[in-house]
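Input: a single structure, listed below in structure tokens.
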Amino acid sequence: MKLIVQGTQEIEVSPEQVHALVQATLQEDLLYELARSLYILPFEARKDTQTIFSHILRFKPGNPNQADPPVISYIVHNRPEVIIELCKGYEHSQSAMPCGTILREALKFDVIAAIILYDQSEDGEPAIRLGEVQPGVPQTGNGIFWNFFHWIDRGTFELSADAFTTFRTTEKWFNMRGSTCLRYVTSNFDHLSGGILMGNEWVQVFVANPNKSVAVQRILINNRDRLLKFLPRFLEDRTDDDQFTDEKSFLVRQIELLPKEPIDPTRSAREPSRPGVNTATVA
């Protein structure tokens with residue numbers, strides 16, 4: 001399979017063979033079986049599975065300019081459990097990195113982000129299909145997306161680092177105009193606020209990042225009053241954890257200092273200083 005999708009220096013990839021392989025993997029539900037069994041495969045087999053998976057996800061037969069590859073469309077409409085099982089790969093150290101690499105390849109497509117954000121299925125239940133996503137409905141805080149808080153904060157160093165790398169792709173989601181992600185954050189801000197405080201790394205993305213995107217700034221500014229009411233009361237009985245208390249105080253201060261309107265972080269780099277103005281002599 002790896003030879004078909006990747007080829008070698010001597011053998012070129014045949015689009016017809018790759019297309020046939022893709023059809024066979026979908027018919028046999030092989031992507032799902034690989035995703036949920038990756039952690040029990042030997043090391044070399046995990047590496048090969050990662051390569052095969054990534055190539056199949058981005059394969060576009062015939063028309064390379066079509067919006068989403070056919071396998072991506074198939075997954076979000078028919079077998080989103082593939083993505084959920086890849087996320088659950090973070091429950092095992094053996095599968096964390098290969099599953100994370102595959103996820104980041106899949107997350108280049110907005111529709112995969114929607115599945116991760118909105119799925120709230122229990123073990124053994126069907127995962128949410130793209131057509132079932134309701135952006136304005138608040139989440140329970142128990143879906144697969146919320147498990148990233150635990151994996152980042154409680155996993156081993158390697159697992160935590162890889163899970164955080166996958167999570168950092170959410171910054172791209174927040175920058176997408178017309179994305180369901182902005183409505184998701186607005187509808188679930190209280191859950192996210194708690195999550196930010198439960199995991200140190202999250203602070204870097206949402207609040208402490210000096211180059212926050214306009215979209216992230218707008219979310220924080222629009223929810224400033226809610227945050228300033230929520231954060232001081234959040235786990236207020238956790239008085240024996242100095243680091244937690246310091247981080248909470250830091251967050252409150254950063255939110256208090258937010259501007260009234262978002263500021264484009266690239267604007268200062270694009271706008272040269274005006275010549276002929278001596279700021280030292282300006283009254």
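Residues: numbered from 1 along the sequence shown.
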Would you name the heavy atoms of [X] and [Y] that are closest together and state the gap between them?
| X | Y | result |
| --- | --- | --- |
| Tyr90 | Leu159 | O-CD1, 3.0 Å |
| Ser121 | Pro126 | CB-O, 3.3 Å |
| Val13 | Ile4 | CG1-O, 3.6 Å |
| Leu57 | Ile102 | CD1-CG2, 3.8 Å |
| Pro70 | Pro61 | CG-CD, 3.6 Å |

Where the side chain of [X] meets the backbone of [Y], is there a donor-acceptor pair that is under 3.5 Å apart?
| X | Y | answer |
| --- | --- | --- |
| Gln139 | Val137 | yes |
| Ser160 | Phe157 | no |
| His55 | Thr51 | yes |
| Asp119 | Ile115 | no |
| Gln6 | Leu3 | no |
| Arg46 | Gln94 | yes |

Please tell me if the side chains of [X] and [Y] come closer than 4.5 Å, counting only heavy atoms from C-beta onward.
| X | Y | value |
| --- | --- | --- |
| Glu85 | Ser37 | no |
| Val82 | Phe53 | yes |
| Thr49 | Pro98 | no |
| Leu30 | Met1 | yes |
| Cys87 | Cys99 | no |
| Lys88 | Asn147 | no |
| Ile128 | Val133 | yes |
| Ile112 | Ile83 | yes |

Would you call [X]-[Y] a salt bridge at under 4.0 Å N-O?
| X | Y | result |
| --- | --- | --- |
| Asp162 | Arg104 | yes |
| Lys108 | Asp68 | no |
| Glu256 | Arg253 | yes |

Q | Hydrophobic cluster membership, Ile40 vs Leu34, 4.5 Å side-chain cutoff | A | no
Q. For the hydrophobic clusters of this structure (ILVMFWY residues joined by side-chain heavy atoms under 4.5 Å, transitively), does one cluster hold both Ile152 and Met97?
A. no
Q) Cut-off 3.5 Å, side chains only: do Glu105 and Ser54 have a donor facing an acceptor? A) no
Q) Do Ser93 and Tyr39 have a side chain donor and acceptor closer than 3.5 Å? A) no
Q | side chain to side chain contact (heavy atoms under 4.5 Å, CB included) evaluation trace for Phe167 with Phe145 | A | CA-CA 9 Å; Phe167 167 72; Phe145 171 72; 4.3 Å; yes
Q.
Among Leu107, Leu86, Ile84, exactly one meets side chain to side chain contact (heavy atoms under 4.5 Å, CB included) together with Ile116. Which residue is that?
A. Leu107
Q) Which is it for Arg36 and Asp29 under the salt bridge (Lys or Arg N to Asp or Glu O under 4.0 Å) test, yes or no, and what are the steps along the way? A) CA-CA 11 Å; Arg36 74 186 185 97; Asp29 205 19; over 6 Å; no
Atom [atom1] in [X], atom [atom2] in [Y]: separation rounded to 0.5 Å?
| X | Y | atom1 | atom2 | answer |
| --- | --- | --- | --- | --- |
| Trp146 | Gln120 | CH2 | CD | 9.0 Å |
| Ile52 | Lys2 | CD1 | NZ | 8.0 Å |
| Asn142 | Glu122 | CG | CD | 7.0 Å |
| Asp48 | Phe43 | CG | CZ | 10.0 Å |
| Tyr74 | Thr25 | OH | OG1 | 9.0 Å |
| Arg79 | Leu31 | CZ | CG | 10.0 Å |

Q: Please assess Glu81 against Arg129 for the test salt bridge (Lys or Arg N to Asp or Glu O under 4.0 Å), listing each intermediate value before the final yes or no.
A: CA-CA 9 Å; Glu81 293 81 10; Arg129 270 61 179 162; 2.7 Å; yes
Q: Return the orientation label for the Phe148 and Trp151 ring planes: parallel under 30°, perpendicular over 60°, tilted otherwise.
A: perpendicular
Q.
Within the supplied structure, the quantity of interest is the number of heavy atoms (other residues, nucleotides, ligands) at a distance under 6.0 Å from Gln134 CD; does it exceed 12?
A. no
